[in-house]
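First the proteins, then the strands, lettered A, B, ... as listed; each starts at 1.
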2 protein chains.
Amino acid sequence: MALSKDELRLLGENCSEGIFRKGEVILSEGSLTSHIIYLQSGLVKEYIKSGDQPECIVQIIQNRAYLGLPSLFGDRINHYSYAALTDVAVCFIDVAVFKQFILDNGRFAFEILSTVSRDSLTNYHRFISQGQKKTYGKLADTLLYFSKAIFRSNRFRLPLNQNEISYLIGTSRESVSKQLNSFIRDGIISLRRREITINEPEKLEQISRLG
Amino acid sequence: MALSKDELRLLGENCSEGIFRKGEVILSEGSLTSHIIYLQSGLVKEYIKSGDQPECIVQIIQNRAYLGLPSLFGDRINHYSYAALTDVAVCFIDVAVFKQFILDNGRFAFEILSTVSRDSLTNYHRFISQGQKKTYGKLADTLLYFSKAIFRSNRFRLPLNQNEISYLIGTSRESVSKQLNSFIRDGIISLRRREITINEPEKLEQISRLG
DNA sequence: CATTGATTGTGAAATATTTCACAAAGGTAA
DNA sequence: TTACCTTTGTGAAATATTTCACAATCAATG
């Protein structure tokens, strides 16, 4: 951490905690940023839902991450909405204090810059890779992402329903259903309710690679 | 600009200029970053070309922008390659000097953070919007992007060939050709060699919106 | 200006995906 | 448990896209 004790105390004084239940909206797109939100625990989806257009999920955000930094430094208007996928604990930090820290403390600025940069690289990579792939490739990507980056296990509970998965990978709900069942028929995964087991991660990797 | 005169002088002393001809590769993915590259004039494509996979273009970069900031702050390895689409003038800045500026000068750090953030928002938006659209919607997006963001005119020379356009929007070269010709048949654009005129920008906007 | 390699146009067949229309579970709360 | 709303499964027809195979055109260079 790049902050001194005094700075941490100052940050603590300008910070309040919040709890959100599964399904609740934490922040809505279009609003002006008054607080930075730091996700202490839980899973959140970042998404757009404009008018009658179908929802579009940008990414799933985990533990120990800020929500919407690019919006804060980009143009100060929230570009995305955030909703809790599980029960969630967050911390609201005053924007003015946060910005002052960046201006005053180069190492803190550097750290935030690194965070935003890493997120950019990860997301660009995901978007690009998805842009080239067929539905099975994208779905394989998504399952591997959950398994490796989020749950670190071959067995977990899907954090999204099929509709949401389709919003994430840009396809139709029916295609998700059909493709999942085709993975099941091939023995690559098992699925009961939302509990999924990846039986053959290598095969899934291969499908992801071949697109 | 957030730098003092002394800082600008220091930056100038640690900076060397370079010229690249149309088609030349400026920087290759995978290398460790030794210099920051600032694009003074010209157009550059940011892309990935790994093994026998088809090339994949991330974005077109214009004038007055840094190349690959997220790579620098993300993990210090270049994630993308950069090639000149026109003759190009760049400026190489020593990484150590640049990083020291970030650490020493909060306002400079804030500016760089804003740049990376704005780029993220723009690119996320583009990727998301493309993920949901059919080929005609993506192609309309691309033409409008050239027309509005880059050339600021309804008449310009296409900076990419059809192969490259297909790498940018994640479709096949043939689909690009067919779709362009369908726009021509509908009178929405005119095209002679690479010189394009957008006759009906409103119609193109509508196609972009409807996907 | 002729040759050569790169780029573009195009039809037809093969694939992939969406859309629609229901049926079948699941999950929740009285 | 029932009633009700959400989620999932699935076939068939309609669309969209890719792939392949060439032909045509362009553009650069000796």
- [ ] Answer yes or no: side-chain N or O of B:K178 and base N or O of D:dT19 forming a donor-acceptor pair under 3.5 Å.
- [x] yes
Open item on the list: Using side-chain heavy atoms (C-beta onward) and a distance below 4.5 Å, is B:E17 in contact with B:F92?
Closed with: no
Open item on the list: I need the CD1-C1' distance between A:I165 and C:dT17, as an integer number of Å.
Closed with: 17 Å
Open item on the list: Can you tell me if B:T171 touches the phosphate of D:dT17, counting only side-chain N or O atoms and a distance under 4.0 Å to OP1 or OP2?
Closed with: no
TODO: Would you mind classifying the nucleic acid contact of B:R173 as base, sugar-phosphate or nothing, using non-hydrogen atoms under 4.0 angstrom?
DONE: base
TODO: Find the distance B:E174:CD to D:dA21:P and express it as a whole number of Å.
DONE: 12 Å
Open item on the list: Without decimals, in angstroms, what is the distance between A:E164 CD and D:dT8 C1'?
Closed with: 14 Å
Open item on the list: Given C:dT17, C:dG26, D:dT17, identify the nucleotide with an atom nearest to the side chain of B:T135.
Closed with: D:dT17
TODO: Rounded to the nearest angstrom, tell me the gap between atom CD in A:Q179 and atom C1' in D:dT8.
DONE: 15 Å
Open item on the list: Without decimals, in angstroms, what is the distance between B:L210 CG and D:dA16 P?
Closed with: 13 Å
- [ ] Scan A:R194 against the nucleic acid and name what it touches under 4.0 Å (heavy atoms): base, sugar-phosphate only, or nothing.
- [x] sugar-phosphate
TODO: Taking only the side-chain nitrogens and oxygens of A:S177, find out if one of them lies under 4.0 Å from OP1 or OP2 of D:dT8.
DONE: no
- [ ] Working to the nearest 0.5 Å, report the span between CZ of B:F73 and CG of A:L121.
- [x] 12.0 Å
Open item on the list: Need to verify one output field. Residue with the more 5' nearest nucleotide on DNA chain C, A:S175 or A:R192?
Closed with: A:S175
TODO: Using whole Å, report how far CG of A:N181 lies from P of D:dG11.
DONE: 10 Å
- [ ] Please determine, for the side chain of A:K134, which listed nucleotide (C:dT17, C:dG9, C:dT18) has the closest atom?
- [x] C:dT17
Task: Reported OH-to-CD1 distance for the pair A:Y80 and B:I128, which is rounded to 0.5 angstrom - done: 4.5 Å
Open item on the list: The side chain of A:S172 is closest to which nucleotide in this list: C:dT18, D:dT17, D:dT8?
Closed with: C:dT18
Task: Polar pair under 3.5 Å, donor/acceptor by atom type, side chain A:K133, base D:dT17 - done: no
TODO: Figure out the CG/P separation between A:L158 and D:dT7, and round it to whole Å.
DONE: 14 Å
Open item on the list: Just the rounded figure in Å: distance from P of C:dA24 to CD of A:Q162.
Closed with: 18 Å
- [ ] Look up atom CZ in A:R209 and atom CD1 in A:I207, then write down how far apart they are to the nearest 0.5 Å.
- [x] 10.5 Å
Open item on the list: Filter on salt bridge (Lys or Arg N to Asp or Glu O under 4.0 Å), then keep only pairs touching residues 138-152 of chain B, sequence neighbours left out; what's left?
Closed with: B:K133-B:D141, B:K148-B:E205
